[in-house]
Amino acid sequence: MTSAPTAMTETDTEVLRDALGLLKDREQVAERLLDSSARHSFDPDTELDWDAPLEDGKWFWPPELVSLYDTPLWRKMSLEQQQDLSRHEAASLASLGIWFEIILMQLLVRHIYDKPVTSAHVRYALTEIADECRHSKMFARMIQKGGAPAYPVSRLNHNLARVLKTVSTTPGSFACTLLGEEILDWMQRLTFPDERVQSIVRGVTRIHVVEEARHVRYAREELRRQMVTAPRWERELTRISSGEAARVFSLAFVNPDVYPHVGLDKREAIAQVKASGHRREVMQSGARRLTDFLDEIGVLRGMGRRLWRSSGLLA
C-alpha cells in the first residue's frame, strides 16, 4: 500500500469514472467524513453504563443470528442454553472484531505512510484509526461484561493475517476491510433496535454502526479509485486475495469452541451449521450489499468469483 511521496497525484485531479459513475474527489470525501466524525463520535467508556447489571432472560445476540438457529440441535436446546450460546457467540464475534480492527489499523497506517500528511485524506485515516482503537477497547469490555471468554482465531488464520498485513496491496486491503466491516454491520443494524437483547450489547452495536458507516464510505470510495487506477496485475491479485479472505472469514466467523462451552458436541454442531439453509441465507444476506458493490466495480470475476462462491457468502 505505498506510492511515491507527492503533494498531489495525477489521479487526484483527473476525471475518473467506473461502472457506478463519476468518482468523487478524494479530499472532498475526506472533508465530509471529518465533519461527520466531529458531529457523531462517541466515547464508549462514558457513553455506556458499564456498571448496570445484566438483565435476566435477555439475549446477547438476536436468536435468528445465532449460528444454530432453526437446526434440529437448536430445537432440542432449552431457552437458557440457547441464550447462553448467544452470549458465547457475541463474545466470539467481538473477539473476531478486535482481531480484524487491529489488522485494519495497520493497513491504514501503511496506506497513509507516503501520503501528504496535511491532506484531509490522511487526517480522516488517522481519525478512523482512533475510532478503531475505541471500538477494540469497547468490544473487550463487552466480552468481560458478559462473562464469556475471549475467542481468538486459529493460529493458522492469525498467521495468514500476518502475511496479509505485510504484502497486501492497496485495493486488496480495502476489499478485505469491507469484507470485515459490512457483514458484521448488517447484523448489528438488526441488533441495536432489538429489545430482546441485553442493553449493553445494544449500546455497543449502536455506537459501532454509527461510526462504521463512515469507515465503509471511506473504504468504498478508495477501492473504487484503486480498481480504476491500479495496474492489471494488482486488480487481478485483489480479486483472488479478497476471495481467499472471504473463504477464511466465513470459516472464522463463529469460533467452534463456543459449542462445548454450552454443553454441545462440537462436531455435531459444526455439521448442523454447515447444513443449515437458514444460516446460509443469513450469511449471504449479510454479504449481499457488499457483493453487489464488488460485482459492479469488477472485483468478482474469474477465480476471485469462484472463491467467493466457495466461501458461501455469494449465492
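Bear in mind that the values here come from a model prediction, so they are computed numbers and not experimental data. Counting from 1, the numbers follow the sequence of the chain as shown.
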Original post:
Is the CZ atom of R232 crowded by more than 12 outside heavy atoms at less than 6.0 Å?
Top reply: no
Original post:
Is R39 atom CZ crowded by more than 12 heavy atoms from other residues, nucleotides or ligands, each under 6.0 Å away?
Top reply: yes
What distance do [X] atom [atom1] and [Y] atom [atom2] have between them, rounded to the nearest 0.5 Å?
X: F174; Y: L104; atom1: CZ; atom2: CG; value: 8.5 Å
X: H121; Y: D25; atom1: NE2; atom2: CG; value: 11.0 Å
X: C176; Y: L107; atom1: SG; atom2: CG; value: 8.0 Å
X: S86; Y: E89; atom1: OG; atom2: CD; value: 8.0 Å
X: R239; Y: L300; atom1: CZ; atom2: CG; value: 9.5 Å
X: S92; Y: Y151; atom1: OG; atom2: OH; value: 7.5 Å

Original post:
Hey, would you say the F60 and H88 ring centroids sit under 6.0 Å apart?
Top reply: no
**OP:** Compute the ring centroids of H208 and F139, then answer whether they are less than 6.0 Å apart.
**Re:** yes
**OP:** Could you go through the salt bridge (Lys or Arg N to Asp or Glu O under 4.0 Å) check for D35 and R32 one step at a time?
**Re:** CA-CA 5 Å; D35 181 62; R32 291 181 187 129; over 6 Å; no
Original post:
Given V282 and R279, is the side-chain contact (heavy atoms from CB on, under 4.5 Å) satisfied, shown in steps?
Top reply: CA-CA 5 Å; V282 163; R279 185 61 176 178; 4.2 Å; yes
I need the minimum non-hydrogen distance between [X] and [Y], along with the two atoms involved.
X: M77; Y: L85; answer: CE-CD2, 4.1 Å
X: A150; Y: I143; answer: N-CG2, 4.0 Å
X: W99; Y: A161; answer: CZ2-CB, 3.5 Å
X: E212; Y: D185; answer: CB-OD1, 4.3 Å
X: M227; Y: R235; answer: O-CD, 3.0 Å
X: A252; Y: N157; answer: CB-ND2, 3.9 Å

NZ/NE/NH1/NH2 to OD/OE distance under 4.0 Å, [X] and [Y]:
X: R214; Y: E128; result: no
X: K137; Y: E101; result: no
X: R123; Y: E31; result: yes
X: D295; Y: R301; result: no

Subject >> Working for side-chain contact (heavy atoms from CB on, under 4.5 Å), residues L190 and W61 >> reply: CA-CA 9 Å; L190 297 176; W61 205 239; over 6 Å; no
**OP:** Applying side-chain contact (heavy atoms from CB on, under 4.5 Å), run through S119 and R26 and close with a yes or a no.
**Re:** CA-CA 10 Å; S119 68; R26 180 187 265 166; over 6 Å; no
Answer yes or no: is there a donor N or O on one side and an acceptor on the other, between the side chain of [X] and the main chain of [Y], under 3.5 Å?
X: S36; Y: L33; result: no
X: R196; Y: P62; result: no
X: R17; Y: L23; result: no
X: Q272; Y: L73; result: yes
X: S67; Y: V273; result: no
X: E64; Y: Y69; result: no
X: R110; Y: S168; result: yes
X: K76; Y: T71; result: no
X: E211; Y: F42; result: yes
X: K145; Y: W50; result: yes

Would [X] end up clustered with [Y] when hydrophobic side chains under 4.5 Å apart are linked, directly or stepwise?
X: L178; Y: I102; result: yes
X: L65; Y: L264; result: yes
X: L307; Y: V299; result: no
X: V109; Y: I98; result: yes
X: V248; Y: L294; result: no

I want to check something: taking the side chain as every heavy atom from C-beta on, are [X] and [Y] in contact at a cut-off of under 4.5 Å?
X: Q28; Y: E221; value: no
X: F100; Y: L184; value: no
X: H261; Y: P149; value: yes
X: P72; Y: R75; value: yes
X: V209; Y: R206; value: no
X: L93; Y: F253; value: yes
X: E268; Y: Y259; value: no
X: L16; Y: R225; value: yes

Subject >> Given T169, T238, T170, the one that forms side chain to side chain contact (heavy atoms under 4.5 Å, CB included) with Q226 >> reply: T170
**OP:** State whether Y124 and R217 meet the cation-pi test: NZ (Lys) or CZ (Arg) under 6.0 Å from the six-membered ring centroid, and within 45° of the perpendicular axis.
**Re:** no
Subject >> Derivation of the side-chain contact (heavy atoms from CB on, under 4.5 Å) call for S285 and W186 >> reply: CA-CA 8 Å; S285 295; W186 179 83; 3.7 Å; yes
Original post:
Parallel, tilted or perpendicular: which fits the ring planes of H135 and H215, with parallel below 30° and perpendicular above 60°?
Top reply: tilted
